[in-house]
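Shown next, in structure tokens, is the structure this report addresses.
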Amino acid sequence: MALIIDTGSDPWLIRHESCEKLCREIVKELNQRNALPKTSIKFSELSAAVRIKLKQFNTEINELSSVLTSLNSLTSEEEERRERLLEGLQSKYVQLENMHRTSGIAAPEGSSGNWFDQDDSDVPLLGDEENVSVSNLQEQQRQLLADQERGLENFSDIISKQKNMALAINTEIDLHNEILDDIGTRMDSTNVNINQETSRVRLISNRDNTCGYWIVILILLICIVGVALA
């Protein structure tokens, strides 16, 4: 059976028990979430709640580590035992983080309260896995950081490509604006030429009408003179 820890009035052990309780709450919510369709609203709500509690869980683990470092009244055996308890919490956090990211397999039904318990161990872990060493935890954390860096690099490449596309589109727009400006200038020049030619046509037309009037007058004058002489 798993070792039962008597917290008593020890603040560190009380905080450790609080971390364990928070861990069990996260497991329960992960089980509930993983039983739902990934496209459902409830799945998203539970994912957000788990993400917040994971941050709180990690913060409390770091605080436990800081407090343990500052304790000077512990025996070497008790200090070692608490370090193992702390490593157990760190291992749980890494595994819960992986489950949250990958929508991992839920714990067996009815085991949410004892899912982390293992026989003959005072550092309970997930499932049937053995104790995870600090070096393994660090390796897993490095792997997570590497994955995040690759994701950021991919995101940076996408942003860079979009920026280049935006610059190319802007260049095309500037070129089209220049073409439109040139077409507008040519249209203005054509309108001026058309107006000038129209004025000339009107002037010639007016001159032709005046010439016709003088011919009619001259014919009438000739007729008058002819009648007078007759």
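Values in this document were obtained by computation on a predicted structure and should not be read as measured data.
Contact annotation: the side chain of Thr171 never approaches that of Leu175 to less than 4.5 Å [non-hydrogen atoms, C-beta and beyond]. When side chains are defined from C-beta on, Asn58 does not count as touching Gln90, because their heavy atoms never get closer than 4.5 Å. Annotation: side chain of Leu86 is not in contact with side chain of Glu83 (no heavy-atom distance under 4.5 Å). Residues Phe43 and Pro37 fail the side-chain proximity criterion, which asks for heavy atoms closer than 4.5 Å. In this structure the side chain of Asp10 reaches within 4.5 angstrom of the side chain of Arg82, judged on heavy atoms.
If you check the side chains of Glu87 and Ser91, you find no donor sitting under 3.5 Å from an acceptor.
Leu36 and Lys42 get closest at one heavy-atom pair: CD1-CG, 3.3 Å. What you find for Asn34 and Met99 is that their closest heavy atoms are ND2-CE, 4.4 Å.
Salt-bridge annotation for Lys21 and Glu17: absent, with no side-chain N of the basic residue lying under 4.0 Å from a carboxylate O of the acidic one. Under 4.0 Å is where a charged nitrogen must lie from a carboxylate oxygen, and between Glu45 and Arg33 no such pair does. Between Arg81 and Glu77 there is no salt bridge, since none of the side-chain N atoms of the basic residue sits less than 4.0 Å from a carboxylate O of the acidic one. For Arg15 and Glu60, the salt-bridge test fails: no basic side-chain N is under 4.0 Å from an acidic carboxylate O.
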Verify salt bridge (charged side-chain N to carboxylate O under 4.0 Å, His left out) between Arg186 and Asp181, making sure each step is shown before the conclusion. CA-CA 9 Å; Arg186 292 183 181 179; Asp181 291 341; over 6 Å; no
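Taking CG of Leu13 as the start and SG of Cys19 as the end, the distance is 11.5 Å to the nearest 0.5 Å. In this structure, His100 NE2 and Gln95 CD are separated by 16.0 Å, a value rounded to the nearest 0.5 Å. Note that OG1 of Thr190 and CD1 of Ile183 are 11.5 Å apart. Values are rounded to the nearest 0.5 Å. The OH atom of Tyr93 lies 8.5 Å from the CG atom of Asn62; values are rounded to the nearest 0.5 Å. Between Leu54 atom CG and Glu29 atom CD the span is 9.5 Å, to the nearest 0.5 Å. Taking CD1 of Ile41 as the start and CG of Leu46 as the end, the distance is 12.0 Å to the nearest 0.5 Å.
Under a 3.5 Å cut-off, the side chain of Ser18 and the backbone N or O of Ile14 do not form any donor-acceptor pair. Using a distance-only test at 3.5 Å, with no hydrogens or angles considered, no donor-acceptor pair links the side chain of Ser65 to the main chain of Ile61.
Within the structure, the salt bridge (charged side-chain N to carboxylate O under 4.0 Å, His left out) test picks out no pair touching residues 165-176 (sequence neighbours left out).
Residues Ile173 make up the rest of the hydrophobic cluster containing Ile169, defined by ILVMFWY side-chain heavy atoms closer than 4.5 Å, directly or through other members.
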Side-chain donor-acceptor distances from residues 158-166 under 3.5 Å, at least two apart:
from	atom 1	to	atom 2	distance (Å)
Asn164	ND2	Ser160	O	3.4

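Under a hydrophobic-cluster definition in which Ile, Leu, Val, Met, Phe, Trp and Tyr are linked whenever side-chain heavy atoms come within less than 4.5 Å, directly or via other members, Leu89 and Leu71 are assigned to the same cluster. The hydrophobic clustering, which links ILVMFWY residues whose side-chain heavy atoms are closer than 4.5 Å, places Trp12 and Leu74 together.
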